[in-house]
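For reference, the structure is listed below as structure tokens.
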Amino acid sequence: MQLNLTTKNVQTDIEIILVINKQIKSDKNILKKLNFKANDEECVLLVEQKKIYVGCQDNKHDTIRLALSCAIKKLNNTGFKSAKIISNKYIRAIVDGLLLGCYTFNKYKSKKQKQIDKIIYIQAEKITKKNKNEFDEALNICEAVNMVRTMVNTAPDDFYPDIMAVEASNIARENQLECKIYDEEYLKKNGMSAMSAVGRASCHKSKLIHLTYRPINSKKRIVLVGKGLTYDSGGLSLKPSDFMVTMKSDKSGGCAVLGIMSVVSKLNLPFEIHGIVGAVENMIGGDAYKPDDVLIAKNGTTIEIRNTDAEGRLVLADCLCYAQDEIEDIDCILDFATLTGACVVGVGHYTSGVMGNNNQMNYQIVQSALDCGELATSLPFNRYLKKTINSKIADICNISSTRYGGAITAGMFLEHFIKDENKQKWAHIDIAGPAFVEEEWGYNPYGASGAGVRLAIEFIKNL
Ligand code: BES
Ligand code: ZN
Ligand code: ZN
């Protein structure tokens with residue numbers, strides 16, 4: 001799709017009209033005959049009038065996104081080539097709705113559906129620095145989200161740690177980022193045996209990815225860490241078959257970090273930003289790490305393994321240690337992970353869980369999410385749950401002794417690997433719910449959603 005912001009009254013095949021608050025202003029009779037009520041997700045094409053009408057029950061940005069996503073799908077089902085939307089407002093929401101709503105993943109379809117490349121115009125009265133910037137920014141961010149969706153959707157046989165590293169180095173090259181890729185040998189030499197153990201039984205060797213964006217006059221130093229489990233079979237604590245399907249999406253946190261890194265230089269953000277990803281495959285085999293093993297993380301913490309399916313926290317533990325050892329004077333450190341099924345049970349499929357010691361920062365992250373069209377909520381730590389990850393034989397256990405509060409106990413496990421000076425600067429974002437969409441919702445089609453990308457950029461922009 002080609003998307004343009006223009007002031008010209010371009011003649012297009014179709015005009016898309018948003019009907020906000022049920023205020024139908026034109027074609028009233030025919031719309032009435034069609035029983036068009038202008039509800040959310042209600043969309044009609046009037047061929048003779050060359051119009052697509054789409055309902056928005058209110059003027060919230062996410063309602064506008066949803067409407068545009070409906071309209072573009074309608075247009076894509078036709079042979080019409082061009083469309084315009086006349087609007088001076090909601091530029092970002094319009095771009096988001098169009099670009100995120102029309103995403104499709106057809107890499108594995110042998111017969112690709114033929115689709116005409118549509119040309120869409122957003123027609124505004126004036127082009128100001130503000131709306132042009134909003135337009136360009138939204139375009140770049142949506143491109144990153146869709147790139148993340150494609151990476152996450154790619155089958156695990158085609159996307160393993162080596163490939164993730166190649167993707168990372170391509171992103172680095174295209175955006176003038178520094179790029180370091182470390183292999184197993186580095187992990188072993190540097191005491192990262194928790195991460196290393198998780199990937200041991202896989203034929204695909206683990207990779208530690210570190211990208212850096214270093215603008216001149218940087219105001220802050222931000223670190224993003226992502227769980228990049230290119231596949232999570234559960235390991236010896238094997239997942240039941242039904243739960244294993246979709247676990248290609250366990251790399252969503254890592255892919256989100258790569259997506260964010262792909263856009264920071266385009267947005268000219270005035271911060272030094274590090275993107276660190278632990279790319280690992282959790283498999284079974286004679287060499288697999290086992291329940292009862294005790295692993296030693298990079299900071300010397302000994303970890304009793306009681307379930308090899310709680311592997312993400314092991315990978316993140318070492319990546320968080322690596323980040324804090326390698327990067328000094330961190331202003332903000334965020335990690336993104338599809339960490340727990342418990343988070344999905346607790347807050348639902350649509351919402352990310354935000355955890356950490358700094359309530360104000362958690363709140364800012366939640367607010368950023370809501371502002372940009374993602375959903376997030378804060379899940380508070382407490383001293384009682386903290387005790388449930390004590391181990392009888394090691395410093396800490398990789399699972400909790402209680403089956404309740406699993407998202408929070410996983411977050412508190414990670415907290416163990418945050419240095420004192422960073423305790424107030426860190427937040428953990430569990431994206432297990434929204435990262436992968438099994439039943440399409442909003443403007444998310446089936447498959448990966450790219451959760452975390454828009455949230456992080458919105459949060460960073462407001463720092
Ligand atoms: N990758 C999973 C978490 C997950 C579950 C992500 C569902 C997306 C959808 C993670 O590695 C895992 O298996 N966690 C276990 C932890 C348990 C063993 C303490 C879980 O949530 O069941
Ligand atoms: Zn797991
Ligand atoms: Zn996992």
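Counting starts at 1 for both ligands and their atoms, in listed order.
- Look at E311 and K227 and you find a salt bridge, because one of the NZ, NE, NH1 or NH2 atoms lies within 4.0 Å of a carboxylate O, short of that distance.
- Among L314, D293, D395, the single residue meeting the side-chain contact (heavy atoms from CB on, under 4.5 Å) criterion with I303 is L314.
- The N, O or S atom of D250 lying closest to the Zn ion (ligand 3) is OD2.
- For E311, the N, O or S atom closest to the Zn ion (ligand 2) goes by the atom name OE1.
- Not a single donor-acceptor pair under 3.5 Å links the side chain of S400 to the backbone N or O of G406.
- Between H210 and Y322, the ring centre distance stays below 6.0 Å.
- Inter-residue side-chain proximity for I460 and K220 is flagged as unmet; no heavy-atom pair is nearer than 4.5 Å.
- Residues D58 and K60 are paired through a salt bridge, judged by an N-O separation under 4.0 Å between the basic side chain and the carboxylate.
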Check ligand 1 against the protein and report each N/O to N/O distance under 3.5 Å, formatted as atom name, atom name, distance.
residue	atom	partner	partner atom	Å
ligand 1	1 (N)	K227	NZ	3.3
ligand 1	1 (N)	D232	OD2	3.2
ligand 1	1 (N)	D250	OD1	2.8
ligand 1	1 (N)	D250	OD2	3.0
ligand 1	1 (N)	T338	O	3.4
ligand 1	11 (O)	K227	NZ	3.2
ligand 1	11 (O)	D232	OD2	2.9
ligand 1	11 (O)	D309	O	3.0
ligand 1	11 (O)	E311	OE1	2.8
ligand 1	11 (O)	E311	OE2	3.0
ligand 1	13 (O)	K239	NZ	2.8
ligand 1	13 (O)	D309	O	3.1
ligand 1	13 (O)	D309	OD1	2.8
ligand 1	13 (O)	D309	OD2	3.1
ligand 1	21 (O)	G341	N	2.7

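- A donor-acceptor pair under 3.5 Å is formed between the side chain of Q324 and the backbone N or O of L320.
- In this structure, E137 does not pair ionically with R92, as no charged nitrogen and carboxylate oxygen lie closer than 4.0 Å.
- Distances from the Zn ion (ligand 3) to the N/O/S atoms of D232 are shortest for OD2.
- Taking 2.8 Å as the threshold, L339 does not count as a candidate ligand of the Zn ion (ligand 3), since none of its N, O or S atoms lies below it.
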